[in-house]
Amino acid sequence: MTSIPATNTAAEFGSRRNTAILITGAGGEVGHGLISALHDGGSRDVVAMDIRELPDSLRAQCRETMVGDICDDALLSRLLSMYEISEIHHLAALLSTRSEFAPETAHKVNVGGTINLLRLAAEQARSHGRRVKFIFPSSIAAYGMPDLRTKAAAGRVREHEHTLPTTMYGCNKLYCEQLGRYYARHYRQLAQDRMADLIDFRSVRFPGLISADTIPSGGTSDFAPEMIHAAAEGRPYACFVRPDTTIPFMTMPEAIDATLQLAAAEASTLTQCVYNISSFSPSAGDIADLVREFFPDATITFEPDEARQAIVDSWPEDVDCSAAMNDWGYRPQHDLRSAFRDYLVPQITARYPERV
Ligand code: AKB
């Protein structure tokens, strides 16, 4: 086994390549926030990829944008030849609701895409001689509670507990966490020419995310952001889960900050590859009550969809974030009320100004 050489071998490619931070799935909710945060923080190296053209506002904040599929080997080879990638934020995925309509496609995109990116990261590290940081957003969907009694008794779950997911998306996320750990620590462990330490894999398990700027699609935690955006727009909303349904959430800016904080953490402080994070754990009824308080005209009804309800019931009511807090200083910035008061309501009302 050889260690990664300290010298830069870009000369193999005949010319110097530009350095880059690669973001896949850049057009999604997290991608929007991450690109802006990196740009505002002074990064001018972002290469953003998505299957659809990005809006001009995002394109302006990137060094380059590419329209393409993470399952397309030729595109990834082109990236390898063009850039020295130091960091990958692999956001592209089919979310939990969408994945249940096309589980095999979900597997292809969520797992096949991730393994392609992990291989790209390893090849990049070999070619430029430095470890590539691989930041992977996982999800509370990696958990699977067998029934509501177990969910109530479990309370805050730790990363290794109750990991028997019931959705294709959850299975994909859990497996990709394991793939990341394998690529970081054991990749090609029997090969004579093995190079160790090619990838620095770091993952957060996101709870449901609530953004004031974007509306999610294809997820099963979407009931919370949908309820809030509908109220701000003056539309009635029929919530697809029962009022007592409880899962963890956080605001999008907190999710972006946490991602960047984990990416910046000293490797020596990290004791595990995968970390829970979350800020508050309200029931759907708690969220509806606050929506009505801030938007008194809101019309919210509860019309549970049995199948989607079962998915949300399989997710824990809260997660234990102590590893993230101890290892890299994660701290929630909001409780539910302050999330509404200080972030969601001011920004959402600015987004739908005709309603105020
Ligand atoms: C989804 O609902 O699929 C996502 C998630 C919980 O990861 N928001």
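In listed order, ligands and their atoms are each counted from 1.
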Exercise. If you take all heavy atoms of Thr349 and Phe295, which pair is closest and at what distance?
Worked result: CG2-CE2, 3.8 Å
Problem set entry | Sidechain N-carboxylate O distance under 4.0 Å for Asp318, Arg156 | yes
Problem set entry | Nearest protein heavy atom with distance in Å, relative to atom 1 (C) of ligand 1 | Ser96 OG, 3.2 Å
Exercise. Between Phe249 and Phe280, what is the ring plane arrangement, given parallel below 30°, perpendicular above 60°, and tilted in between?
Worked result: parallel
For this session: Run the contact test for Phe206 against ligand 1 with a 4.0 Å cut-off on heavy atoms, strictly below, and give the result.
Result: no
For this session: Output yes when the distance from some N or O of ligand 1 to some N or O of Asp222 is under 3.5 Å, and no in every other case.
Result: no
Exercise. Considering only heavy atoms of Ser139, which atoms of ligand 1 have at least one such atom less than 4.0 Å away?
Worked result: 5 (C), 6 (C), 7 (O)
Exercise. Do Lys151 and Tyr143 meet the cation-pi criteria used here (NZ or CZ under 6.0 Å from the six-membered ring centre, within 45° of the axis)?
Worked result: no
For this session: Would you mind listing which atoms of ligand 1 come within a distance below 4.0 Å of any non-hydrogen atom of Thr220?
Result: 1 (C), 2 (O), 3 (O)
Exercise. Quick one: does NZ or CZ of Arg308 land under 6.0 Å from the six-membered ring centre of Phe240, within 45 degrees of the ring axis?
Worked result: yes
Exercise. Which part of Ser221 is near ligand 1, with near meaning a heavy atom under 4.0 Å away: side chain, backbone, both or neither?
Worked result: both
Exercise. So do Asp213 and His32 actually touch side chain to side chain, heavy atoms under 4.5 Å?
Worked result: no
For this session: Could you say whether the N/O atoms of Trp315 and ligand 1 ever approach to under 3.5 Å?
Result: no
